[in-house]
Amino acid sequence: MNAHDTQTLDAVALADAPAYADILAAAARIAPHAHATPVLTSRALDELAGCRLHFKCENLQRGGAFKFRGACNAVFSLSDEQAARGIVTQSSGNHGGAIALAARLRGARATVVAPHNTPKVKLAAIRAYGADVVFCEPAQSARDETTAQVLADTGGVLVHPFNDPRVIAGQGTATLELMAAAPGLDAVIAPVSGGGLLSGTAIAAHGGDPAIAVYGAEPLGARDAHDSLAEGRRITGRATDTVCDGLRAELGTLTFPILRSHVCEVLLVDDAQAIAAMRLIWERMKLVVEPSGAVPLAAVLAHRDLFAGRSVGLIVSGGNVDLDQAAHWFAAQAS
């Protein structure tokens, strides 16, 4: 595919992208259901990073992750007829739990297609909220094939975890709250997997302040977003290898052009850096976060010169971590 074809496809996809007004509407829609999570600071971490950090604590969101925002906005955007058909999604954990919870609040049934290596703590949450689970292989192609089969079998309505404008708009509401609580930010950084959170973050940030710098943070073992933006084409089909289980998806046909339009750069960190940042947040801020949620801090610490002296907002995306697994990670890091 040549550059002209890519630009044409991007323009078609961007026609479906949510606008800043859609994020404002999502904020009003989810307000009765979602938490307005706190924005916290830490002098100790500011000193380590060499900048002023503002942590948007989505680990304290309902369901333990930012995913409830997008899921709630999408589910409560459905007509009664659509909701009655049931809701289908695919997820490695947090989005599945969020859809399950939002569907329960709406009085709808939900089915979650989940990779067989989904963390047990996240599967438990999905089931506790009343959703059915259908397992698949971890590859994106297997997720898509299984999801298509479930949709055909159930007649349900798909709420995609990231390639959905309603979901993207809902995710952007976290940045609305962040910028209201910490005015004058120079930059905002969010984890990137399928790109729904980072897309919503970018649209919300630039809707409020066109000059703000927007960064993504991604593990080395799942670096498709970094490489896709660098090469100017969406890279798909790679195997992933990272402890950041929430960041293993690949960019979607909608999120890729949004990020090409808004994001300055995607910063890479390795798993050891993510675990070290997670431990810092646990120890210095007394907050339980999962590796995916610690990746933005890891990226800032790995790129101190880039953020030196700036006021930086970080989206702490989730806190659904298996404590036994975390103990293993910490022990391995100490050895």
Side-chain angles (χ1 to χ4, degrees), residues 16-40 54-78 89 91 94-95 97-99 101-103 105-106 159-185 187-210 212 214-217 246 252 254-255 258-259 261-263 289 292-293 296 312-320:
D16 294 326
Y20 184 63
D22 296 311
I23 297 177
L24 296 176
R29 184 175 292 113
I30 71 174
H33 310 290
H35 295 325
T37 55
V39 175
L40 302 181
H54 305 270
F55 295 83
K56 180 57 172 167
C57 296
E58 286 298 290
N59 56 311
L60 302 178
Q61 185 54 259
R62 294 187 73 171
F66 77 95
K67 291 285 191 178
F68 182 69
R69 294 176 180 272
C72 186
N73 187 54
V75 168
F76 280 88
S77 296
L78 298 175
T89 196
S91 172
N94 284 337
H95 177 73
I99 284 291
L101 174 56
L105 293 172
R106 183 70 194 269
V159 175
H160 196 275
F162 51 85
N163 216 45
D164 184 314
R166 302 163 301 181
V167 170
I168 293 170
Q171 316 306 28
T173 62
T175 297
L176 291 182
E177 294 174 10
L178 170 62
M179 294 176 70
L185 291 174
V188 62
I189 180 168
V192 57
S193 180
L197 173 61
L198 186 55
S199 293
T201 297
I203 295 167
H206 287 155
D209 179 3
I212 196 169
V214 179
Y215 296 91
L254 176 56
T255 57
I258 293 173
L259 298 189
S261 300
H262 284 279
V263 173
V289 301
S292 301
V312 183
L314 297 86
I315 307 294
V316 180
S317 56
N320 294 317

Exercise for the section: Output the distance between atom NZ (K56) and atom CG (L40), rounded to the nearest 0.5 Å. Expected result: 9.5 Å
Fill in the blank from the handout: For H206, the side chain to side chain contact (heavy atoms under 4.5 Å, CB included) test, sequence neighbours excluded, returns I212, V214, H262
Problem - Nearest-0.5 Å distance that lies between atom CZ in F66 and atom CG in N94 - result: 7.5 Å
Practice task
Compare all side-chain heavy atoms of V188 with those of M179 and state whether any distance is below 4.5 angstrom.
Solution key: no
Practice task
Give, for atom OG of S199 and atom CG of D164, the distance between the pair rounded to the nearest 0.5 Å.
Solution key: 11.5 Å
Listing, residues 57-64 side-chain donor-acceptor contacts under 3.5 Å, not counting sequence neighbours, or none:
residue: E58; atom: OE1; partner: Q61; partner atom: NE2; Å: 3.4
residue: E58; atom: OE1; partner: R69; partner atom: NE; Å: 2.7
residue: E58; atom: OE2; partner: T37; partner atom: OG1; Å: 2.4
residue: E58; atom: OE2; partner: R69; partner atom: NE; Å: 3.4
residue: E58; atom: OE2; partner: R69; partner atom: NH2; Å: 2.9
residue: N59; atom: ND2; partner: V288; partner atom: O; Å: 3.2
residue: Q61; atom: OE1; partner: H35; partner atom: N; Å: 2.8
residue: Q61; atom: NE2; partner: H35; partner atom: O; Å: 2.9
residue: R62; atom: NH1; partner: H33; partner atom: O; Å: 3.0

Exercise for the section: Go through the structure and list residues passing side chain to side chain donor-acceptor pair (under 3.5 Å) with S91, not counting sequence neighbours. Expected result: none
Using distance only, find each side-chain donor-acceptor pair of residues 17-30 under 3.5 Å and give its atom names and separation, not counting sequence neighbours.
residue: D22; atom: OD2; partner: A19; partner atom: N; Å: 2.7
residue: R29; atom: NH1; partner: N73; partner atom: OD1; Å: 2.7

Exercise for the section: Kindly give the heavy-atom pair with the smallest separation between A204 and L176, and that separation in Å. Expected result: CB-CD2, 4.3 Å
Exercise for the section: Go through the structure and list residues passing ring-ring contact (aromatic ring centres under 6.0 Å, His included) with F55, not counting sequence neighbours. Expected result: none
Handout entry: For S193, side chain to side chain contact (heavy atoms under 4.5 Å, CB included) partners two or more places apart
Key = L247, A249
Exercise for the section: Check side chain to side chain contact (heavy atoms under 4.5 Å, CB included) between A190 and all other residues, then give those that pass, not counting sequence neighbours. Expected result: L197, L198, T201, I315
Exercise for the section: Would you mind reporting whether V192 and V263 have side-chain heavy atoms less than 4.5 Å apart? Expected result: no
Problem - CZ on F76 to CZ on R106, rounded to 0.5 Å - result: 6.5 Å
Exercise for the section: Could I get the full list of ring-ring contact (aromatic ring centres under 6.0 Å, His included) partners for F68, not counting sequence neighbours? Expected result: none
Completion exercise
Here the gap from Q171 atom CD to T255 atom OG1, rounded to the nearest 0.5 Å, amounts to 11.5 Å
Exercise for the section: Please examine the side chains of P161 and T89, heavy atoms only from C-beta on, and report whether any two atoms are closer than 4.5 Å. Expected result: yes
